[in-house]
Amino acid sequence: MTRLALDSPARDEAPQRARWLAGPAAPLAAAVAALAVTVAGIAGPAFWLDEAATVSVTGRPAGQMLRVFHHLDLVHALYYLIMRPWVMVFGDGEVALRLPSALATAAAAAGIVLIGRRCAGPLAGLLAGLVYAGSVAASKYAMEARSYAMVTAVAVLATYLLVRGVGPGGRRPWRWLAGYGVAIAVLGLLNLDALLLLPAHGVTLLATRDRAPRTWLRWPVCGGVAGAALIPFVLAAQSQSDQVNWLPRPTLTTVWRLLKFMTGNHWLVAPVLALAVAGAVAGVRTRGKGTGAPLTAVAVPWLLLPPAVLIAVSLVADPMFIDRYVLYCLPALSLLTGAGLALLAGVGRPPVGALLAAAVAVALVAVTVPTQLDARRQDAKLDDLRTPADVVRREAHRGDAILYLGAVVRWDAAAYPDAFGRLDDVGMAEDPVRAGNILGRDKFPNELRGPLSQAQRLWVMGSRSLGKRPGPLVGRRRLMIRATGPWRIAHVWKYKGGRLTLYVRTGPYESPAKPHGPAAKPHRTAPKPRTATPKTRTATLKPHTGTAKP
């Protein structure tokens with residue numbers, strides 16, 4: 001019964017069920033399920049720092065976008081270029097910018113069904129697609145205006161093309177593998193780390209024990225051409241490697257976090273891994289429709305090799321691993337989990353197995369519900385940039401000034417340009433578009449006295465990105481605010497990822513008195529203040545201390 005559930009041809013199943021599972025309805029059902037799960041609550045989380053970069057870059061003409069890539073985010077250039085026409089048509093709101101990721105997730109779910117039923121049978125394929133559709137990590141990045149969901153969809157496409165192109169059952173293999181080479185090239189342009197899928201596929205071919213010499217000619221040629229075409233891109237991206245210098249060095253905790261990320265939460269680690277192991281054991285003995293690619297040979301290297309390599313490299317060289325960089329490995333876990341559920345469905349008589357598999361699936365879904373709901377909260381991401389934007393929309397007056405304590409805070413504000421763009425950015429020397437970056441260029445603190453002294457209402461915005469010890473420039477900006485008073489703090493809004501303060505002027509600004517004439521000499525020459533009386537010293541220094549505390 002187990003082999004029947006995983007590997008039996010469609011003609012041995014009940015006719016209606018066979019037609020449904022083997023036809024286009026199964027991948028379509030998985031795609032619809034994925035889209036329904038992700039669209040529900042897609043507008044819930046606020047934009048965060050990374051999504052603010054997407055808003056900033058995709059809102060520029062193509063020529064201005066290309067200027068950015070000379071300095072930073074070259075690794076995301078293809079994603080931005082794809083998103084630019086989308087933004088021109090649909091805008092840069094939260095739903096509009098995230099919808100391409102949701103569509104990519106739906107496409108990945110459909111592709112997983114196609115891979116699963118070729119490698120393990122129709123039922124295993126459908127269940128794998130539904131597992132991916134309901135997974136927490138897939139939903140989280142389907143609701144994010146970044147490239148990770150697209151990377152995953154292209155990884156699924158590349159794997160499907162490989163499965164179709166290799167083995168004795170593959171028809172027109174050169175066409176499939178030529179498409180595979182294009183998919184690998186696109187994959188690398190979207191995310192360089194995802195090129196680790198290429199050696200994982202090499203392990204897949206070794207594990208299939210395919211003795212056809214043409215397979216070992218076609219795959220290296222197509223994959224090698226794609227890899228060679230990416231060499232200039234890889235070399236250019238290396239010059240921007242300082243963009244990931246914030247990544248931590250992996251520890252044992254990193255592995256545990258990765259397990260929770262892949263399975264959904266800590267309650268799901270054990271049951272999902274148990275199903276995946278069961279599916280892998282069953283998949284060793286199965287082959288789908290003569291493709292020569294057992295499920296285990298396809299899924300296990302895909303799941304394990306990329307994160308293992310990234311973690312190992314991060315231990316001996318510069319850190320380059322974080323969970324979302326290996327999101328494209330999640331479909332492999334879904335394939336194994338789907339095979340495990342199909343294994344349960346084959347236990348005993350058909351009603352018993354089906355009920356058992358359904359009960360396990362319902363229990364898994366129930367455990368994911370709290371995590372899915374948490375992922376849809378407004379402050380679900382590292383920054384809740386919607387809160388300060390809403391405050392500014394509600395409380396700001398025409399002519400209000402804003403001072404970002406660091407250029408990176410201006411990056412935060414780029415998430416909602418309709419709100420923050422209404423304020424006068426008094427600290428900006430050059431805007432991000434002209435500077436060819438996302439931060440813009442800040443004025444030096446001593447250049448802020450003029451614009452701050454003229455402001456009647458001043459918004460001051462800080463961010464977690466400044467760090468716990470922001471540095472001397474941030475301190476000097478704060479001192480300049482105090483020196484250009486008098487102010488009163490009208491309100492302070494704290495939100496996840498930052499702090500917004502509104503200062504209101506309570507009196508006219510008084511320029512600090514400039515020392516002149518004989519009275520200035522005791523201050524500028526060291527020997528004479530030592531002979532002055534305390535009264536004279538106090539009178540001489542009073543104007544200077546008064547500039548620090550208005």
Side-chain angles (χ1 to χ4, degrees), residues 31 34-62 64-66 68-69 72-108 137-154 186 189-191 324 327-328 375-390 392-393 408 410-422 432-433 437-439 463 465 495-498:
L35 195 59
V37 171
T38 56
V39 169
I42 194 171
F47 278 147
W48 72 294
L49 183 69
D50 279 16
E51 290 179 295
T54 302
V55 176
S56 178
V57 177
T58 58
R60 309 177 190 192
Q64 297 293 345
M65 292 173 65
L66 295 177
V68 174
F69 306 146
L72 75 162
D73 266 359
L74 179 62
V75 292
H76 299 299
L78 179 59
Y79 171 72
Y80 291 144
L81 291 170
I82 291 171
M83 290 296 294
R84 172 58 184 163
W86 179 274
V87 169
M88 293 175 66
V89 176
F90 298 104
D92 59 1
E94 290 157 340
V95 175
L97 275 185
R98 290 168 177 167
L99 191 55
S101 294
L103 294 173
T105 301
S139 296
K140 179 179 178 181
Y141 288 96
M143 297 185 294
E144 182 153 318
R146 298 299 282 170
S147 63
Y148 304 109
M150 288 189 186
V151 171
T152 304
V154 177
V186 173
L189 289 172
L190 284 172
N191 187 335
R324 59 180 180 268
L327 179 70
Y328 67 92
R376 287 157 173 78
R377 294 196 328 264
Q378 178 168 321
D379 61 350
K381 301 181 186 295
L382 291 177
D383 306 297
D384 171 17
L385 300 179
R386 187 190 300 158
T387 292
D390 287 343
V392 169
R393 292 189 190 101
V408 71
R410 185 176 296 110
W411 179 348
D412 279 351
Y416 296 96
D418 65 306
F420 293 101
R422 300 160 54 192
V433 174
N437 59 27
I438 304 174
L439 305 174
S463 169
S465 301
Y495 55 91
K496 186 175 182 181

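Bear in mind that the values here come from a model prediction, so they are computed numbers and not experimental data.
Closest approach of A102 to L35, counting heavy atoms only: O-CD1, 3.9 Å. L97 and D92 get closest at one heavy-atom pair: CD1-O, 3.7 Å. Closest approach of A142 to I42, counting heavy atoms only: O-CD1, 4.1 Å. Summarising the geometry of A375 relative to P45, their closest heavy-atom pair is O-CG, 3.3 Å, with the distance given to 0.1 Å. Summarising the geometry of P100 relative to A96, their closest heavy-atom pair is CD-O, 3.3 Å, with the distance given to 0.1 Å. The two atoms that bring S147 and H76 nearest to each other are OG-ND1, 3.9 Å, heavy atoms only.
T387 places no side-chain N or O within 3.5 Å of a backbone atom of Y495 that could act as its donor or acceptor partner. The backbone N or O of L49 sits less than 3.5 Å from a side-chain atom of D383, completing a donor-acceptor pair. A donor-acceptor pair under 3.5 Å links the side-chain atoms of Y416 to the main chain of F47, judged by distance alone.
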- Task: Before giving the answer on side-chain contact (heavy atoms from CB on, under 4.5 Å), spell out for N191 and V75 the whole-Å C-alpha distance, their side-chain angles and the decisive distance to 0.1 Å.
- Result: CA-CA 6 Å; N191 187 335; V75 292; over 6 Å; no
- Verify side-chain contact (heavy atoms from CB on, under 4.5 Å) between T152 and T105, making sure each step is shown before the conclusion. CA-CA 8 Å; T152 304; T105 301; over 6 Å; no
- Query: Would L99 and W86 count as a side-chain contact (heavy atoms from CB on, under 4.5 Å) if you check the C-alpha gap in whole Å, the side-chain angles of each, and the deciding distance to 0.1 Å?
  - Reply: CA-CA 10 Å; L99 191 55; W86 179 274; 4.0 Å; yes
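Distance check, rounded to the nearest 0.5 Å: OG of S465 to CH2 of W411 gives 7.5 Å. Between L81 atom CG and F69 atom CZ the span is 5.0 Å, to the nearest 0.5 Å. To the nearest 0.5 Å, atom OG1 of residue T54 and atom CD1 of residue I438 are 8.5 Å apart.
In this structure, N437 and L72 have side chains that are in contact, with non-hydrogen atoms separated by less than 4.5 Å. In this structure, the side chains of R376 and S139 come closer than 4.5 Å at one or more pairs of heavy atoms. For the pair L385 and E51, the minimum side-chain heavy-atom distance is 4.5 Å or more. Contact check for I82 versus M150: side-chain heavy atoms found under the 4.5 Å cut-off.
Side-chain contact annotation: R146 with S101, donor-acceptor N/O pair under 3.5 Å absent. Counting only N and O atoms by type, the side chains of Y80 and D73 include a donor and acceptor under 3.5 Å apart.
Take R386 and apply the salt bridge (charged side-chain N to carboxylate O under 4.0 Å, His left out) test, not counting sequence neighbours, and it matches E94.
For the salt bridge (Lys or Arg N to Asp or Glu O under 4.0 Å) with E144, the qualifying choice from K381, R324, R98 is K381, the only one to do so.
Here D418 pairs with R393 in a salt bridge; the nearest charged N to carboxylate O distance falls below 4.0 Å.
Between Y141 and Y148, the angle of the ring planes goes over 60°, which puts this pair in the perpendicular group of the 30/60° scheme.
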